[in-house]
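Have a look at the structure below, then the notes.
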Amino acid sequence: MAFPTLSSPHTARPNETRRVMAEVLLALLPGIAALVWYFGWGVVINIALASAVAVAAEAAVLALRGRPALPAVSDLSTLVTAWLFAVSVPPTLPWWLTLVGIVFAVVVVKHLYGGMGQNPFNPAMAGYVLLLVSYPVQMTAWLPPSVLTEHPLTFSQSLAVIFQGAPPAGLAWDAITQATPLDVMRQKLGLSYTIAEIRQSPLWGDFGGRGWEWVGNWFLLGGVYLLWRRVITWHIPAAMLGALLFAAGVFWLVDPNTHPFPAFHLFTGGTILGAFFIATDPVTACTTPRGQLVYGAAIGLLVYAIRSWGGYPDAVAFSVLLLNLAAPTIDNYTRPRVFGHAGGGQRED
Amino acid sequence: MTLAALHTPTARRLWEFHGGLHLPDHKRESTGAPVRRAPVPARLVLPLQQHIGMPSHLLVQPGQAVLKGQLIARPNGQVSAALHAPTSGTVVAIAEHVVPHPSGLAAPCVVIESDGHDAWAELPPPMPDWATRDPAELRERVRWAGVVGMGGAAFPSSVKLAPGPDREIHTLIVNGAECEPYITCDDLLMREHAARVIAGALIIRHVVGARRVLVGIEDNKPEAAAAMRRAAAVDCRIEVVVIPTKYPSGGEKQLVRVLTGVEVPSHGIPAQVGIVCHNVGTAAAVADAVLDGRPLISRIVTLTGGGVREPCNLEALIGTPARELVAQAGGYAPDAAKLILGGPMMGFALPDDGVPITKAANCLLVPTTAESPDPGPPLACIRCGRCADVCPVELLPQQLYWWARAKDLDRAQDYDLFDCIECGCCAHVCPSHIPLVQYYRYAKTEAWAKEQDKRRAEQARRRHEARVTRLERQESERKAKLRKKKEELDAPAGDPGTDPKKAAIQAAVERAAAKKAALAAQGVTPANTADLSPAQQRQVDAAEARRTVAPEGTD
């Protein structure tokens with residue numbers, strides 16, 4: 001009797017790329033639900049739009065490359081890119097900006113570098129940064145959280161804002177949009193207000209901006225799920241958050257009037273989302289355990305530096321992209337000690 | 001069964017190794033019944049190379065009658081093994097036959113047709129007094145018996161029994177871990193022949209001069225561990241240690257680490273750290289050879305997997321075709337998908353069930369499609385690092401894959417490619433289903449080939465350089481000689497009396513003149529046609545002939 005001869009191991013494989021990606025999408029759901037709760041339907045519309053554009057762009061570029069589209073699209077990685085992009089941009093972002101950002105992310109950042117697994121930069125963050133640098137006004141015009149606004153947008157109003165660029169009848173843009181808490185903090189600190197004065201505003205919650213801090217909590221829940229499912233390891237989130245807390249803590253201790261307290265940095269902006277979902281993108285992050293600690297810590301420090309002294313209110317995307325560049329080098333110098341090589345083992349007796 | 005004894009904590013501290021896998025062990029399928037003896041097949045096929053090292057040197061001819069246990073091939077060099085006839089019969093052919101090798105290629109084999117008598121040859125005398133014998137004598141017996149490592153590596157055991165004079169061995173480790181799923185031949189051997197294994201261990205201890213013996217058994221084999229503990233009670237220097245079940249704790253270096261905390265150096269062997277490691281099956285074979293004078297002609301083979309109807313363990317003669325053993329196990333189930341020699345992690349798929357059982361064949365696994373599904377086309381590596389998490393050697397498989405794929409062999413070796421033990425953990429957990437081990441095997445083979453090419457090129461270069469230097473030296477010597485000659489000629493002729501050379505020449509000239517004068521006085525004139533070689537004579541004759549036929553007056 002003749003049999004097929006495949007290479008060992010001959011086991012049923014417990015893992016699958018598609019399942020890994022599906023778990024990431026699943027872990028994003030609590031954070032997305034919180035975003036929708038606080039910032040309205042625009043988030044959902046953006047996610048749907050980004051997903052559709054991403055899948056179409058990926059299928060198109062694969063057709064151009066002469067590769068079968070189905071296996072690549074069905075690995076769900078492009079959806080992860082789309083969702084991460086969509087939860088990072090303002091819920092009122094004009095549709096064509098989403099289109100530009102996603103097409104750039106999928107076609108240029110992912111596929112021009114060789115596609116899945118070959119891209120040196122995080123596609124979602126590269127798309128986000130392209131838009132942030134090119135269209136800063138649209139990219140920083142966030143809605144106020146629903147707990148603060150008198151005019152929450154309905155679903156159809158959100159559609160109109162995104163697709164027609166028209167604010168609801170009778171309302172000016174300024175009435176419905178607002179700077180993010182990080183932006184407010186920056187501007188007011190620049191005007192020599194103290195932290196205590198700045199925090200008088202109803203914009204602020206217990207740690208960060210009202211609403212915002214809860215979005216962070218729900219993303220954190222998703223992050224813990226990823227840790228539990230072993231989709232990610234603790235190294236990058238712990239190093240990144242630890243370094244950010246450390247830097248913020250040092251400066252806060254030096255002068256608490258002009259430096260926000262550490263928990264503020266943790267629960268505003270994209271810190272939690274970045275630590276668990278973006279910096280941990282395996283393709284572009286460091287892959288050795290020690291390298292991941294260096295990588296995460298460097299991102300945390302850069303986030304603090306850019307937020308405090310840089311030209312942009314938030315810094316997760318910039319920091320991640322910068323460290324993406326450094327990842328191969330960090331990996332090279334942080335290789336684990338291989339079994340049987342100098343420095344390990346114990347002599348008994 | 002004293003299962004309670006297993007739960008008494010051992011005083012021995014155990015160590016960990018990085019990574020590894022907790023796999024469903026599938027041991028129970030094949031441990032339900034005791035080991036059965038498989039019937040003697042009509043034809044046995046014995047590959048001349050069933051071991052690491054040189055193929056054995058053949059001692060029989062086609063048509064020759066052989067008896068069971070008769071030596072039919074002797075070891076060819078130090079690292080080689082003897083081969084014996086597993087039953088009595090006739091050598092019907094010495095020919096190429098498909099052997100159990102991943103390539104599926106044929107290799108020289110001795111084919112024996114059984115005569116059905118199973119009659120023994122005369123065997124060497126048992127050595128019940130082994131404890132007082134010289135280790136060299138026992139080593140020679142093991143070498144005669146053709147014992148090789150029976151855990152799968154098939155390295156000639158006699159070589160491992162001679163660790164060298166400068167290496168002091170303090171510990172013998174007997175490997176009963178049997179960490180791969182499905183395989184139970186060592187489990188059953190320990191349950192049924194614990195005393196034999198212990199006897200073998202004591203003999204090996206004596207030969208290598210170890211102080212103590214540690215028997216490592218994974219905790220999923222409580223019956224085997226209990227039987228071994230009972231048998232080991234004969235000697236206080238033997239300790240049976242139950243270790244946690246984790247693949248690949250049965251790997252030699254992993255087991256050494258777990259039991260002693262010592263890391264065998266990279267590219268090194270355990271003997272360098274005073275340890276020798278033998279499989280339980282090898283220990284039993286050593287005991288057979290020394291206590292009974294019986295060569296290695298059979299072994300226990302596990303027949304298992306959802307693709308055989310009645311999983312079991314069989315004691316099979318070496319050379320029995322796989323298909324006959326499958327038939328003994330009830331035959332194939334309808335959904336048999338593959339035939340694997342060895343376990344699911346490191347075994348290799350056989351193309352055909354006509355291949356014979358060899359000394360290292362511990363298991364024939366016939367999985368169903370559900371047990372061993374086609375992993376499908378591999379996707380791109382996303383560098384998730386799960387492979388690195390489970391690598392027992394703490395390599396970075398994702399990076400090695402990258403270099404292997406890029407054929408950057410230098411980088412691959414820089415990332416310690418050759419420390420890979422090919423256990424398959426990385427490929428098992430890879431979410432992209434990349435056949436990682438295959439890539440590493442490929443890269444290793446390429447690196448070996450390149451290394452060999454380099455060595456050859458280096459040799460050729462050295463030869464070429466030596467030649468160039470030689471030619472240069474000869475040239476300069478020649479020139480020096482010429483120069484010297486020229487200088488001598490140019491130099492003004494000195495007084496012959498002062499130069500001994502010139503004086504000698506002068507004397508020779510005078511002698512010649514005197515001789516000539518003497519000859520002339522006798523009437524002999526010098527002729528240069530004396531003492532001609534035949535060729536010269538022919539030339540002279542030809543010239544004479546031309547002269548005679550040439551028209552007159554033309555000179």
Side-chain angles (χ1 to χ4, degrees), chain A residues 1-21 68 71-72 74-75 77 114-119 230-233 235 280-289 291-292 327-328 331-332 334-349, chain B residues 15 17-18 23 102 104 253 257 260-266 268 323 332 338-340 344-353 365 367 370-375 377 379-386 388 392-396 398-399 415-416 419 424 427-433 435 437-438:
Chain A
M1 206 163 143
F3 292 95
T5 53
L6 293 168
S7 167
S8 66
H10 311 278
T11 50
R13 309 295 158 83
N15 300 319
E16 212 179 339
T17 305
R18 190 189 318 180
R19 220 175 308 147
V20 173
M21 298 295 166
S74 66
D75 69 20
S77 65
M116 179 74 160
Q118 315 278 319
N119 47 303
R230 299 186 183 196
V231 172
I232 60 173
T233 60
H235 302 80
T280 51
D281 165 30
V283 174
T284 57
C286 280
T287 192
T288 68
Q292 290 180 341
D331 275 340
N332 192 40
T334 53
R335 291 186 234 166
R337 186 191 67 82
V338 173
F339 184 93
H341 284 247
Q346 299 168 43
R347 292 304 292 265
E348 208 189 1
D349 304 333
Chain B
W15 277 264
F17 60 88
H18 180 266
L23 297 161
K253 291 182 177 182
R257 166 76 186 160
T260 67
V262 175
E263 278 188 19
V264 178
S266 165
R323 79 164 68 90
Y332 295 108
K338 285 183 196 170
L339 178 65
I340 295 161
M345 297 300 288
M346 292 185 73
F348 54 87
L350 297 171
D352 183 89
D353 60 4
L365 171 62
E371 286 173 298
S372 178
D374 184 344
L379 299 176
C381 169
I382 54 169
R383 290 158 51 86
C384 64
R386 287 173 192 220
V393 192
E394 225 174 326
L395 297 168
L396 292 171
Q398 69 274 48
Q399 307 291 74
Y415 274 72
D416 302 307
D419 282 294
H428 176 75
V429 299
C430 177
S432 298
H433 301 177
V437 181
Q438 193 63 8

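Sequence lines set the chain letters: A, B, ... in the order given, protein chains first and strands last, and positions in each chain run from 1. Predicted model, so just to flag it, every value in this text is computed and none were measured.
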Straight-line distance of [X] [atom1] to [Y] [atom2], nearest 0.5 Å:
X: Asp353(B); Y: Phe3(A); atom1: CG; atom2: CZ; value: 5.5 Å
X: His433(B); Y: Asn15(A); atom1: NE2; atom2: CG; value: 7.0 Å
X: Ile382(B); Y: Thr17(A); atom1: CD1; atom2: OG1; value: 5.0 Å
X: Thr284(A); Y: Arg383(B); atom1: OG1; atom2: CZ; value: 8.5 Å
X: Arg335(A); Y: Asp416(B); atom1: CZ; atom2: CG; value: 7.5 Å
X: Leu365(B); Y: His10(A); atom1: CG; atom2: NE2; value: 8.0 Å

May I ask you to test the [X]-[Y] pair for a side-chain heavy-atom distance under 4.5 Å?
X: Phe339(A); Y: His18(B); value: no
X: Arg13(A); Y: Cys430(B); value: no
X: Ser8(A); Y: Met345(B); value: no
X: Arg386(B); Y: Val231(A); value: yes

For [X], is it the side chain, the backbone, both, or neither that has a heavy atom closer than 4.5 Å to a heavy atom of chain A?
X: Tyr332(B); result: side chain
X: Leu339(B); result: both
X: Val264(B); result: backbone

Top contributor to chain A contacts, counting heavy-atom pairs under 4.5 Å, from [options]:
options: Ala370(B), Pro351(B), Cys384(B), Ser432(B); value: Pro351(B)
options: Leu23(B), Leu395(B), Leu379(B), Ile340(B); value: Ile340(B)
options: Ala388(B), Pro377(B), Pro265(B); value: Pro265(B)
options: Gly385(B), Pro373(B), Gly268(B); value: Pro373(B)

With side-chain contact (heavy atoms from CB on, under 4.5 Å) as the criterion, how do Asp331(A) and Gln398(B) come out once you've worked through the C-alpha distance, each side chain's angles and the decisive distance to 0.1 Å? CA-CA 12 Å; Asp331(A) 275 340; Gln398(B) 69 274 48; over 6 Å; no
Heavy-atom distances under 4.5 Å only: say whether [X] touches chain B with side chain, backbone, both or neither.
X: Asn332(A); result: both
X: Arg18(A); result: neither
X: Val338(A); result: both

Compare every heavy atom of Pro431(B) with every heavy atom of Val20(A), then report the nearest pair and how far apart it is. CG2-CB, 4.2 Å
If you compare all heavy atoms of Glu263(B) against all heavy atoms of Gly340(A), which two are closest, and at what distance to 0.1 Å? OE1-N, 2.7 Å
Which one of Pro4(A), Pro336(A), Ala2(A), Gly115(A) has the most heavy-atom pairs closer than 4.5 Å to chain B? Pro336(A)
